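Structure record follows, encoded as structure tokens.
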Number of protein chains: 2
Amino acid sequence: MGRKKNKDIIPHEAIRRLSLYLRALKWLSRKKIKVVSSDEITKYLNTIPAQFRKDLSYFGGFGKRGVGYNVEALIREIEKILGTNMVWDIALIGAGKLGTALLGYAGFMEFNLKIAIAFDNDRSKAGRVFGNIRIEPISRMKKEIREKKIKIALLTVPAQYAQKISEDLVQCGIKAILNFAPVNLHLANDIHVAHVDMASELGSLVYRLKHKSSHK
Amino acid sequence: MGRKKNKDIIPHEAIRRLSLYLRALKWLSRKKIKVVSSDEITKYLNTIPAQFRKDLSYFGGFGKRGVGYNVEALIREIEKILGTNMVWDIALIGAGKLGTALLGYAGFMEFNLKIAIAFDNDRSKAGRVFGNIRIEPISRMKKEIREKKIKIALLTVPAQYAQKISEDLVQCGIKAILNFAPVNLHLANDIHVAHVDMASELGSLVYRLKHKSSHK
DNA sequence: CATTTCTTGTGAAAAAAGTAACAAATGGGC
DNA sequence: GCCCATTTGTTACTTTTTTCACAAGAAATG
């Protein structure tokens with residue numbers, strides 16, 4: 001049952017890679033491939049076989065020596081580890097350009113995440129529907145998130161509102177935030193925050209470009 | 001003059017943090033703050049003073065002991081290091097929901113990046129204008145990127161086309177790609193690729209949420 | 001059923017990154 | 001001009017993460 005060796009602590013990056021492994025496995029599954037070796041699967045990933053095996057070994061031994069990994073079984077194991085073996089409702093706050101783009105993004109489904117509700121500050125947006133989701137006025141945010149017991153939020157509001165709104169979110173029970181605003185959020189440290197920051201990602205690309213070094 | 005100690009190699013993450021430092025410095029600048037210490041600035045960042053100083057020290061000594069860092073001067077230094085002290089034209093490939101959202105995103109400007117041209121496969125989209133950028137048919141992509149000597153591309157096409165199109169991009173001179181498609185690109189290793197992957201970021205958030213550990 | 005060929009899981013080694021600690025500057029007050 | 005409070009830049013140390021290397025398990029072959 002997702003037994004992990006608790007003598008070792010699990011590298012943060014290993015968890016992130018688990019998501020990538022899951023995606024690759026699902027792709028193999030769609031191609032009707034039943035069994036895959038660490039050598040084979042890492043051809044489609046940006047890593048090496050030893051790392052794939054090591055990452056999995058933090059959670060248990062899922063492969064068979066001399067054979068490889070059963071694709072379907074490993075999908076189920078990783079989903080169990082990540083917690084994506086059940087549907088998680090998520091809330092989207094801020095239905096601007098990026099927010100509405102995310103409302104139509106199918107990629108969340110891949111991890112069993114479903115945008116269940118969306119809010120925007122601009123009352124004129126309230127009532128409009130994007131990809132089956134109706135935008136609600138932000139005044140109802142606290143009430144609805146609490147009622148629906150939503151734990152995860154996508155934050156796509158302008159930078160200047162991000163801190164305040166994230167505090168409101170925490171108040172009504174949100175425990176994890178994927179922050180798209182270009183500011184660092186200061187929240188209690190039992191609140192999990194991940195940051196998607198395109199511009200700064202580009203910043204480091206420009207650096208590497210200018211300095212002509214290999215990216216590998 | 002951007003003097004770096006070449007005995008030490010520069011941690012990849014240090015470069016990414018440089019972008020974050022730059023953003024914080026610009027914010028201080030707008031607030032008319034002239035000088036800032038590593039202690040003060042890291043209050044707005046997700047890091048500690050020692051790391052801020054260490055990261056900068058890879059590139060030179062920009063502060064003054066007993067005083068701190070001159071905000072304007074440090075902005076210029078970091079821009080020079082990153083290469084964002086000049087405007088870079090970038091191309092956007094794929095004007096779907098996410099692509100068009102990015103066309104209207106102001107955050108690129110912050111790093112002197114300007115979407116100069118956009119392409120889409122769907123001919124019916126060609127000619128439409130989003131945020132001053134006209135969508136061109138993808139048939140003209142190679143020619144125009146070559147002519148305009150663009151080196152950086154945002155790739156927002158569906159996963160199944162990403163590899164093929166990225167190869168085309170490399171052919172016409174693109175050297176750096178910010179990939180939003182949920183696949184790993186296999187390209188010559190003098191091509192710099194960064195990956196923005198919201199769904200997998202959420203995957204690791206769900207894990208952390210389920211396992212209740214602190215995110216710090 | 002012994003042998004050969006694979007391929008995993010893992011402990012140990014290596015590399016990389018982050019943190020701490022402190023000597024060396026700096027400026028202000030007196 | 002000397003002392004004191006600051007704050008940097010850097011070296012040394014610690015922790016984390018990655019990579020290597022190989023023993024052990026599994027199937028296939030004759």
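Since the model is a prediction, treat every value here as computed from it, not as a measurement. All chains are named by letter (A, B, ...) in the order of the sequence lines, taking the proteins before the strands, and each is independently numbered beginning at 1. What you see below is based on every heavy atom in this structure, not just the backbone, and it leaves out hydrogens, waters and symmetry mates.
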(request) May I ask you to say whether B/Glu79 pairs ionically with B/Lys26, meaning some side-chain N is under 4.0 Å from a carboxylate O? (result) yes
(message) If you assign A/Asp55 and B/Phe52 each to the DNA chain D nucleotide with the nearest heavy atom, which residue ends up on the more 5' nucleotide?
(response) B/Phe52
(request) Could you work out which one of C/dG9, C/dA20, C/dA12 sits closest to the side chain of A/Lys54? (result) C/dA12
(message) I'd like to know if the side chain of B/Asn121 pairs up with that of B/Tyr161 as donor and acceptor (distance under 3.5 Å, no hydrogens or angles considered).
(response) no
(request) Considering only NZ, NE, NH1 and NH2 on the basic side and carboxylate oxygens on the acidic side, decide whether B/Asp168 and B/Lys164 come within less than 4.0 Å. (result) yes
(request) Starting from C1' on D/dC22, measure out to CZ on A/Arg53 and report it in whole angstrom. (result) 11 Å
(request) Verify the distance criterion only: is there a donor paired with an acceptor across the side chains of A/Gln171 and A/Glu167 at less than 3.5 Å? (result) no
(request) Check the distance between C/dA14's P and B/Ile9's CD1 and give it to me in whole angstrom. (result) 17 Å
(message) Output the rounded distance in Å from NE2 (A/His12) to C1' (D/dT15).
(response) 16 Å
(message) Does D/dT16 have OP1 or OP2 under 4.0 Å away from a side-chain N or O of A/Tyr58?
(response) no
(message) Looking only at the side chain of A/Gln51 (C-beta and beyond, no hydrogens), which of the listed nucleotides D/dG9, D/dT19, C/dG27 gets closest?
(response) D/dT19
(request) Determine, for A/Arg23 against B/Asp197, whether the closest basic-nitrogen to carboxylate-oxygen distance falls under 4.0 angstrom. (result) yes
(message) If you assign each of A/Glu13 and A/Val67 to its closest nucleotide in DNA chain D, which residue comes earlier from the 5' end?
(response) A/Glu13
(message) Once you apply a heavy-atom cut-off of 4.0 Å, does B/Thr47 come out as touching a base, just sugar-phosphate, or nothing?
(response) nothing
(request) Taking atom types as modelled, find out whether B/Tyr44 and A/Asn184 have a side-chain donor-acceptor pair closer than 3.5 angstrom. (result) no
(request) Scan A/Ile48 against the nucleic acid and name what it touches under 4.0 Å (heavy atoms): base, sugar-phosphate only, or nothing. (result) sugar-phosphate
(message) Can you list every stem that DNA chain C is part of, counting only runs of 3 or more consecutive Watson-Crick or G-U wobble pairs with both distances under 3.5 Å?
(response) C:1-30 with D:1-30
